[in-house]
Student: 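Mind having a look at this structure? Questions to follow.
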Amino acid sequence: MSEESSGTAVRELSEDTVERIAAGEVITRPARVVAELVENALDAGADRIEVAVDGDGTDRIRVADDGRGMGREDAARAVEPHTTSKIRAADDLRTSTTMGFRGEALAAIADAGDLDLVTSDGAAVGTRVTVSDGEKTVEDAGRGRGTTAVVTDLFGDRPARRESLASPAREFGRISELLTSYALARPEVAFSLDHDGRETASTPGTGLRDALVALYGRETGGESTAVTHRAGVDLADRSADLTVEGRLCYPSTTRSTREHVHVAVNGRPVRDDDLRKAVARGYGSLLPNGREPVAVVRLDLPAWAVDPNVHPAKERVAIRGGDAVADAVEAGVREALTTADLRRSGEVAMDLDSSLSPAEATESDFADATVLGVFRDLYVVCEAGEDLLVVDQHAAHERVNFERLREALADEAVPSSELDPAETVTLDPPTAAAVEEHREELATLGFSVDPFGGTTYRVTAVPAPLGRVADADSLRGVATDLRESGGRGGDAAAALREDLLADLACHPSLKAGDALDRETAGRLVERLGECEQPYACPHGRPTVLSVGASTLADGFERHGSR
Ligand code: ADP
Ligand code: MG
């Protein structure tokens, strides 16, 4: 890191260098301002970064850090275009380890809104630089070492930009997601995020586990295992030492999208789907079908192997020999999960014996199935024509309940039931932002929710179709799904309703282990046969396995006699 602490460290880049740096509009929405200011604070070696946002961020964004600050000359020059202390020439990019390098963020921010920068490198008098309508002023200011940047009236003279912004809740949601990704990429730094004067998230700066707990709650973040993996890899003909480090939440916690797989490369959060997939592959069959893990994976690679200069917002990086890196990530994750004590995670997807295969929808509707008995209070064993059917009683009951609920509520709002006393639910910050944004949808789904400080909500009513009362905690899953469907409306709303019903269908269903007499078991199989989709529970797991007579014949080596 080039970290001259005072004097004239900030210099203008040559035209030639500027041309070799990926250009693009830097400031397209409020979250971009936050990202650039946070990156500057990280590059300044801050231990603590405080972010405060008003409304959607166009009113006011404030980022304060306790980093090394700037002397007067540097501060005055830093707001000019293409001025930076981080590189001198384009070649430096190959070895640069800083988050910034283009020298254009402060200038672009000052261009898009009003910028007020107060900074001190520890000298007796600090400096205030303001840029408003292109007018720059520099004056004395009192401040301890560090920098505070305040941006107001963002896009004030760019109505088209303003128009293109989403709702305030959504814009804040983006900021919140962004802060989460930086806080997990740099857990040794304490972050806080305020919205309209109230704190919505903070991390203590004491390591990854604490950051994960602070952002995801104790249940999810605490139930996690560490990954540390070192590998020598060949990256496009050059060998490199690679470190994979992070925390993996137990597979009992899953999400419907890969958004909660956080990946950082050399301290920079990146949205890299190949690496995210590699993490999920490392979980392998521990994850139920179609579900994604919650995890943080931080990669360290030599600077030459990573090119951060491929994306204007630096959300993606190019990695030399990316496949080898992805393989190392997958291996590291798998190894960590194999050694972890996953019994504590409770439910782990079941491993199917290979001679059993999920029944095909075309095979049977169980009309002629005869119950032979119940095995271990878990499985109903039936004879059906040529096949032996094994029905998972819990999954089957979920499917039956789900289809009944769906039919009963075809076009109605979901009935709700008051919770007395009300219960509180604490959400991770982006999910809390989704609750704010989707109050109406939540109401039609049967939730009544009030803010209760921070990201905690008081749940006063919950969905209760046909007397099946959801628990207050189901708000978490529904709000996560709302957030991930991003208000796409129509289909997404319908899918969400189905998910909610699926969860409700699950709760009061027979648990594996409830004893069933043969008559009840028979009815269950009969009802299952009447379902539109009898072969999978509402969450997509199989309900029935079939063992063909030929499988048994093979097993008993009764060759030629079926
Ligand atoms: P870049 O980060 O690409 O260098 P910026 O426009 O973001 O470009 O910042 C210009 C320069 O201003 C930086 O190189 C750095 O020297 C200085 N600077 C900006 N923000 C801070 C800060 N929070 N603390 C200390 N120095 C800063
Ligand atoms: Mg910068």
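Indexing begins at 1, ligand by ligand and atom by atom, following the structure's order.
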Student: Does atom CZ (Arg230) have a neighbourhood of more than 12 heavy atoms from anything else shown, all under 6.0 Å?
Tutor: no
Student: One thing to verify: whether Glu80 and Arg11 come together as a salt bridge, which I'm taking to mean a side-chain N less than 4.0 angstrom from a carboxylate O.
Tutor: no
Student: Considering non-hydrogen atoms only, spot the tightest contact between Tyr283 and Val294 and give its length.
Tutor: OH-O, 3.5 Å
Student: Hey, which protein N/O/S atoms does the Mg ion (ligand 2) have under 2.8 Å?
Tutor: Asn40 OD1
Student: Among residues at least two apart in sequence or on other chains, which ones pass ring-ring contact (aromatic ring centres under 6.0 Å, His included) with Tyr182?
Tutor: none
Student: Show the short N or O contacts, below 3.5 Å, that ligand 1 makes with protein N or O atoms; if there are none, say 'none'.
Tutor:
{"unit_1": "ligand 1", "atom_1": "2 (O)", "unit_2": "Asn40", "atom_2": "OD1", "d": "3.0"}
{"unit_1": "ligand 1", "atom_1": "2 (O)", "unit_2": "Lys86", "atom_2": "NZ", "d": "2.7"}
{"unit_1": "ligand 1", "atom_1": "3 (O)", "unit_2": "Phe101", "atom_2": "N", "d": "3.0"}
{"unit_1": "ligand 1", "atom_1": "3 (O)", "unit_2": "Arg102", "atom_2": "N", "d": "3.0"}
{"unit_1": "ligand 1", "atom_1": "3 (O)", "unit_2": "Gly103", "atom_2": "N", "d": "2.7"}
{"unit_1": "ligand 1", "atom_1": "4 (O)", "unit_2": "Thr84", "atom_2": "OG1", "d": "2.5"}
{"unit_1": "ligand 1", "atom_1": "6 (O)", "unit_2": "Ala105", "atom_2": "N", "d": "3.2"}
{"unit_1": "ligand 1", "atom_1": "6 (O)", "unit_2": "Leu106", "atom_2": "N", "d": "2.9"}
{"unit_1": "ligand 1", "atom_1": "7 (O)", "unit_2": "Asn40", "atom_2": "OD1", "d": "3.0"}
{"unit_1": "ligand 1", "atom_1": "7 (O)", "unit_2": "Asn40", "atom_2": "ND2", "d": "2.8"}
{"unit_1": "ligand 1", "atom_1": "8 (O)", "unit_2": "Gly103", "atom_2": "N", "d": "3.4"}
{"unit_1": "ligand 1", "atom_1": "14 (O)", "unit_2": "Thr84", "atom_2": "OG1", "d": "3.3"}
{"unit_1": "ligand 1", "atom_1": "14 (O)", "unit_2": "Ser85", "atom_2": "N", "d": "2.9"}
{"unit_1": "ligand 1", "atom_1": "14 (O)", "unit_2": "Ser85", "atom_2": "OG", "d": "3.2"}
{"unit_1": "ligand 1", "atom_1": "16 (O)", "unit_2": "Ser85", "atom_2": "OG", "d": "2.6"}
{"unit_1": "ligand 1", "atom_1": "20 (N)", "unit_2": "Asn40", "atom_2": "ND2", "d": "3.3"}
{"unit_1": "ligand 1", "atom_1": "23 (N)", "unit_2": "Asp65", "atom_2": "OD2", "d": "2.9"}
{"unit_1": "ligand 1", "atom_1": "24 (N)", "unit_2": "Thr147", "atom_2": "OG1", "d": "3.3"}

Student: Hey, are Thr119 and Thr127 close enough side-chain-wise for a donor-acceptor pair under 3.5 Å?
Tutor: no
Student: On the 0 to 90° scale, with breaks at 30° and 60°, tag the Phe172-His195 ring pair as parallel, tilted or perpendicular.
Tutor: parallel
Student: Could you pull out all residues at least two apart from Ala318 that satisfy side-chain contact (heavy atoms from CB on, under 4.5 Å)?
Tutor: Asp307, Val310
Student: Looking just at side-chain N and O atoms, do Arg255 and Thr480 make a donor-acceptor pair shorter than 3.5 Å?
Tutor: no
Student: With side-chain hydrogen bond (donor to acceptor under 3.5 Å, both in side chains) as the criterion, how do Ser202 and Ser192 come out once you've worked through the C-alpha distance, each side chain's angles and the decisive distance to 0.1 Å?
Tutor: CA-CA 4 Å; Ser202 70; Ser192 68; over 6 Å; no
